[in-house]
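Data first, discussion second: the structure below is written as structure tokens.
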Amino acid sequence: MKQEKLPETGVPEQELMAELDRIKESDLDWKRGRSFSLIYNAGEELMRVGNEAYGKFILENGLSPMAFPSLLKMETEVVSMVAGILGGDENVVGSMTSGGTESIFMATKTARDRARKIKPGICAPEIITSTTTHPAFDKSAHYLGLSIIHVPVGDDYRADVEGIKNAITENTIMMVGSAMTYPHGMVDPIEELAAAAAEKDIWFHVDSCLGGLILPFVKKLGYPVPDFDFSVPGVTSMSADLHKYGFTPKGASTVLYRNSGYRYFQYFAFADFPGGVYGTSTVSGARTGGPIAGAWTVLRYVGENGYLELARKAMDTTKKLIAGVRAIDGLDVIGEPHATVFSMKSDTINVYALSDELHKRGWMIEKQHLPPSLHVTVSPFHENVADEFLAELAEAVDAVRDVDASNVSQEAAMYGMMATMEDRSLAKELAVEYLNDLYKLK
Ligand SMILES: *Cc1c(COP(=O)(O)O)cnc(C)c1O
């Protein structure tokens, strides 16, 4: 195996900067709007403002709010603004985290620790959710020693309320709904799920990592979005990412609780450390102030009217794309998505081959499975490329009409195979092997 050595003498700055630019060239070229995942693009101006604010606090340390009251002020104000966007009153509290995964981890841990206190008889705590819920819950359950049950979604690709109700047992400590789901862009029936949870005194979390900063504005524009936030009785906690549709620099998310009585169980303190009494609100110890300052600045720079305008652009573009996809012979959209995320499927063509074909043309469309589909997250910036994309999509569909499953890329073939493997633990092992192989020096 290879090993990279620390250079004996330092490399000159200019040389390093040039090298950074060079290695960056092989990255996803998202700035032209040709990617439909990973990046949420609202144009250069917001990136500049976010970057500048981020840069001012990149070296500061959020571990000590006493030393950096600026970060404490900005974090509490960001949390309060997001609570307001999500129908919360002044009792709603929360924390900023590094991302959706950490927000979900904190909510899950908090629900677990509260259950330990108020339902001490439960020895094998479990979470009930849907097949389309984000894997961050599986990851959290794995880390926290909880079991998790995924109830299949209904024909409309939304959570199956009856199925979930039937899955509740005396060990259930948490139920989860999504607004919206990552794979298909659906808002689960949150009101019904929250009512079912409240009836049994079970913690109910709404994952709006994806939808939290777009659905409220889409709803205000008059689109039919089901209620999904703190305005719904029975919603205990929510997660909402700022670095997605908040268009803030990465490393910024929020986890929110209906009141501080719930959040109490999130905190960690250790009083016996010789280095001082140690207490943190989230997983992180030392944390950069960059994302906090970036989020605080971008939220205030854009404002309510700005987010409404960005939501309008993204919705208009989504409507155009969905109509355009449905007009292509052989291609369809899964279900009736509620906002700016959807997925493409086909009964006649191999969508993985279609993804490869689009990739050749410079478009990046992620593959999904169970069922096979292609993921589309629409940003406001995509309004500039929607027509071009639809024209090239139609050409790409024609190009792969006769491609059979044996004639696709290795990745596409793997996707096709993974979904059909009977033994899911083997599928999981393959994925871990893949990571093992990926993270080595080349
Ligand atoms: C992105 C996402 C997450 C996880 O967020 P990260 O910021 O990637 O950690 C969780 N839930 C949903 C629905 C998401 O789209």
Side-chain angles (χ1 to χ4, degrees), residues 27-51 54 85 99-100 134 179-187 208-221 223 225 240-253 291 294-295 297-299 301-325 333 337-344 355 358-359 361-366 368 373-393:
D27 286 355
L28 172 67
D29 174 19
W30 54 269
K31 283 196 176 159
R32 287 160 65 216
R34 293 169 85 89
S35 158
F36 288 93
S37 58
L38 297 170
I39 303 285
Y40 297 75
N41 190 341
E44 291 279 344
E45 186 185 330
L46 280 192
M47 292 179 215
R48 180 176 50 74
V49 172
N51 275 350
Y54 196 106
I85 292 169
H134 195 276
M180 25 192 195
T181 61
Y182 176 82
H184 315 116
M186 303 299 171
V187 177
S208 14
C209 280
L210 186 55
L213 271 288
I214 185 102
L215 290 174
F217 301 107
V218 168
K219 202 172 164 75
K220 274 197 181 151
L221 290 171
Y223 288 99
V225 175
D241 288 355
L242 298 162
H243 62 201
K244 286 180 179 165
Y245 280 108
F247 308 109
T248 79
K250 280 200 185 30
S253 172
T297 306
V298 169
L299 280 172
Y301 183 76
V302 177
E304 167 95 13
N305 290 338
Y307 280 112
L308 278 170
E309 182 56 21
L310 290 169
R312 192 192 56 73
K313 277 190 196 171
M315 271 313 274
D316 287 351
T317 308
T318 308
K319 295 280 155 197
K320 182 187 230 177
L321 289 174
I322 288 181
V325 166
V333 166
H338 288 100
T340 52
V341 172
F342 68 92
S343 53
M344 305 189 276
S355 167
L358 286 164
H359 192 80
R361 294 159 186 257
W363 298 95
M364 151 103 164
I365 309 277
E366 298 270 20
Q368 304 190 135
S373 63
L374 301 180
H375 181 89
V376 184
T377 286
V378 183
S379 282
F381 189 79
H382 286 128
E383 73 170 353
N384 303 308
V385 300
D387 290 321
E388 192 188 348
F389 174 68
L390 287 173
E392 291 210 36
L393 179 64

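As the structure is a computational prediction, the values presented were derived from the model and not from experiment. When reading the values below, keep in mind they use all heavy atoms of this one structure, side chains included, and skip hydrogens, waters and symmetry mates.
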### Task
Give me the ring orientation class for Phe389 and Phe36: parallel if the planes are under 30° apart, tilted from 30 to 60°, perpendicular past 60°.
tilted
Holding to side-chain hydrogen bond (donor to acceptor under 3.5 Å, both in side chains), I want the full list of residues that pass it with [X], two or more places apart in sequence or in another chain.
X      : result
Tyr223 : none
Thr377 : His375
Lys319 : none
Lys250 : none

### Message
Please enumerate all residues that pass ring pair (Phe, Tyr, Trp, His ring centres under 6.0 Å) together with His184, with sequence neighbours excluded.
### Response
Tyr157
### By salt bridge (charged side-chain N to carboxylate O under 4.0 Å, His left out) - contacts of Lys31 (at least two apart)
none
### Query
In chain order, what residues pass the salt bridge (charged side-chain N to carboxylate O under 4.0 Å, His left out) check against Glu309, with sequence neighbours excluded?
Arg312
Could you work out, with side-chain contact (heavy atoms from CB on, under 4.5 Å) as the rule, every residue matching [X], not counting sequence neighbours?
X      : result
Arg361 : Glu357, Trp363, Glu392, Glu395, Ala396, Ala399
Val333 : Ile322, Val325, Arg326, Pro337, Phe342
Thr248 : Leu242, His243, Ala252, Ala295, Val298
Glu383 : Lys313, Thr317

### Query
Can the ring centroids of Tyr40 and Tyr245 be said to lie less than 6.0 angstrom from one another?
yes
### Query
Heavy-atom distance under 4.5 Å between the side chains of Pro380 and Phe247, does that happen here?
yes
### Query
Do Ser253 and Asp241 get their side chains close enough for a donor-acceptor pair, meaning under 3.5 Å?
yes
